[in-house]
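What you see is a predicted model, and the numbers here were worked out from it, not measured in a lab.
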Amino acid sequence: KTLRSIDDDLIKACLYEAVSLLDLLCTYQRRMIHEVFPTVKSLFTRVTQDEGGSRVLVALVQFFINHGESEMYSYEPAIQTFFGDILAVKFNDPGIAYDGVEFCLSNMSQLCNSTTLFTKYFPNLLKIL
């Protein structure tokens with residue numbers, strides 16, 4: 001645990017960027033997915049236990065959507081955690097609302113074709129619009 005809140009914010013920002021970079025790395029070098037995926041899954045477990053890691057969770061969900069299929073991993077629990085649990089409580093946080101909208105817009109076709117995100121979490125999505 002950090003002593004100052006600014007350090008905690010910095011750690012979360014670094015985690016967000018690290019997961020985004022791992023996602024990019026695995027996109028360009030598919031063989032890295034098998035090495036990186038267990039670490040990302042354990043990070044997801046840690047972030048879900050921490051109340052302040054909501055924005056990092058968006059990057060983790062994006063990673064799971066992009067690479068979960070190659071590892072036979074269902075990303076539905078990650079979507080449930082962010083759109084069901086986090087967004088229901090923190091819908092008035094502008095950062096989380098922005099990340100949620102941007103996530104939905106960038107993954108629209110995949111989310112419409114392979115999940116029930118928009119119908120299942122419609123009330124929470126409506127809160128952030």
Side-chain angles (χ1 to χ4, degrees):
K1 219 52 172 156
T2 58
L3 297 176
R4 299 182 319 199
S5 66
I6 189 104
D7 293 340
D8 198 37
D9 293 340
L10 182 61
I11 288 170
K12 289 174 186 143
C14 290
L15 276 175
Y16 182 89
E17 289 300 320
V19 172
S20 297
L21 287 172
L22 286 173
D23 185 24
L24 191 63
L25 176 71
C26 289
T27 299
Y28 289 117
Q29 296 186 5
R30 303 292 291 169
R31 61 181 163 75
M32 295 293 295
I33 296 171
H34 301 297
E35 298 172 26
V36 171
F37 208 84
T39 305
V40 173
K41 280 186 359 183
S42 66
L43 180 60
F44 174 74
T45 304
R46 287 185 58 210
V47 167
T48 54
Q49 295 169 353
D50 180 23
E51 290 249 339
S54 305
R55 295 192 77 184
V56 177
L57 195 57
V58 174
L60 291 167
V61 173
Q62 184 66 54
F63 183 91
F64 291 143
I65 284 179
N66 292 343
H67 309 293
E69 190 175 289
S70 66
E71 289 290 314
M72 305 284 191
Y73 181 79
S74 172
Y75 50 81
E76 287 290 331
I79 287 177
Q80 161 64 37
T81 302
F82 182 73
F83 287 98
D85 303 335
I86 303 295
L87 204 56
V89 176
K90 297 186 175 185
F91 63 90
N92 58 353
D93 181 333
I96 293 172
Y98 176 79
D99 288 341
V101 169
E102 185 177 339
F103 174 82
C104 289
L105 289 175
S106 29
N107 296 296
M108 181 83 67
S109 62
Q110 188 168 5
L111 293 173
C112 287
N113 294 333
S114 61
T115 68
T116 59
L117 174 99
F118 294 116
T119 55
K120 189 173 183 181
Y121 303 111
F122 177 74
N124 291 343
L125 289 170
L126 188 60
K127 288 178 186 177
I128 63 173
L129 293 177

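Put simply, CG on Asn113 and CE on Met108 are 11.5 Å apart, with the number rounded to the nearest 0.5 Å. Summarising the geometry, atom CD1 belonging to Ile128 is positioned 4.5 Å from atom CG belonging to Leu87; distances are rounded to the nearest 0.5 Å. To the nearest 0.5 Å, atom CD of residue Gln80 and atom CG of residue Asp85 are 5.0 Å apart. Rounding to the nearest 0.5 angstrom, the gap separating the NZ atom in Lys120 from the CZ atom in Phe83 is 12.5 Å. Taking CG of Leu117 as the reference point, atom OG1 of Thr119 lies at 8.0 Å (rounded to 0.5 Å). Rounding to the nearest 0.5 Å gives a distance of 13.0 Å between CZ of Phe63 and CZ of Phe44.
No more than 12 heavy atoms of other residues, nucleotides or ligands shown are found within 6.0 angstrom of CD on Glu69. The local environment of NZ in Lys90 is crowded, with over 12 non-hydrogen atoms from other residues, nucleotides or ligands closer than 6.0 Å.
In terms of heavy atoms, Ser54 sits closest to Ile86 at OG-CG2, 3.4 Å. Considering every non-hydrogen atom in both Ile33 and Cys26, the closest pair reads CG1-CB, 3.6 Å.
Criterion: ILVMFWY side-chain heavy atoms under 4.5 Å apart, direct or through other members. Under it, Phe118 and Ile65 are part of a common hydrophobic cluster. Hydrophobic clustering of Ile, Leu, Val, Met, Phe, Trp and Tyr side chains at less than 4.5 Å, counting indirect connections, keeps Val56 apart from Leu21. Two different hydrophobic clusters hold Leu24 and Phe103 under the rule that ILVMFWY side chains link at heavy-atom gaps under 4.5 Å. By the criterion of side-chain heavy atoms lying less than 4.5 angstrom apart, applied directly or through intervening Ile, Leu, Val, Met, Phe, Trp or Tyr residues, Val101 is grouped together with Leu57 in one hydrophobic cluster. No continuous path of ILVMFWY side-chain contacts below 4.5 Å connects Leu25 to Tyr28, so the two sit in separate hydrophobic clusters.
Cys104 is listed as a side-chain neighbour of Leu125, based on a closest heavy-atom distance under 4.5 Å. Between Leu15 and Arg55 the shortest side-chain heavy-atom distance does not fall below 4.5 Å. Looking only at side-chain heavy atoms (C-beta outward), His67 and Arg30 come within less than 4.5 Å of each other. Under the 4.5 Å side-chain criterion, counting only non-hydrogen atoms from C-beta, Ile79 is in contact with Leu111. A heavy-atom distance below 4.5 Å is not found between the side chains of Phe91 and Ile96.
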| request: Could you walk me through whether Val40 and Phe64 pass side-chain contact (heavy atoms from CB on, under 4.5 Å), step by step? | output: CA-CA 9 Å; Val40 173; Phe64 291 143; 3.8 Å; yes

| Worked check of salt bridge (Lys or Arg N to Asp or Glu O under 4.0 Å) between Asp50 and Arg46 | CA-CA 7 Å; Asp50 180 23; Arg46 287 185 58 210; over 6 Å; no

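Applying the under-4.5 Å side-chain rule to Ile, Leu, Val, Met, Phe, Trp and Tyr, the cluster around Phe122 extends to Leu126.
Checking Asp23 against Gln62 by side-chain atom types alone, no donor-acceptor pair falls below 3.5 Å. In this structure, a donor-acceptor pair under 3.5 Å is present between the side chains of Tyr75 and Ser114.
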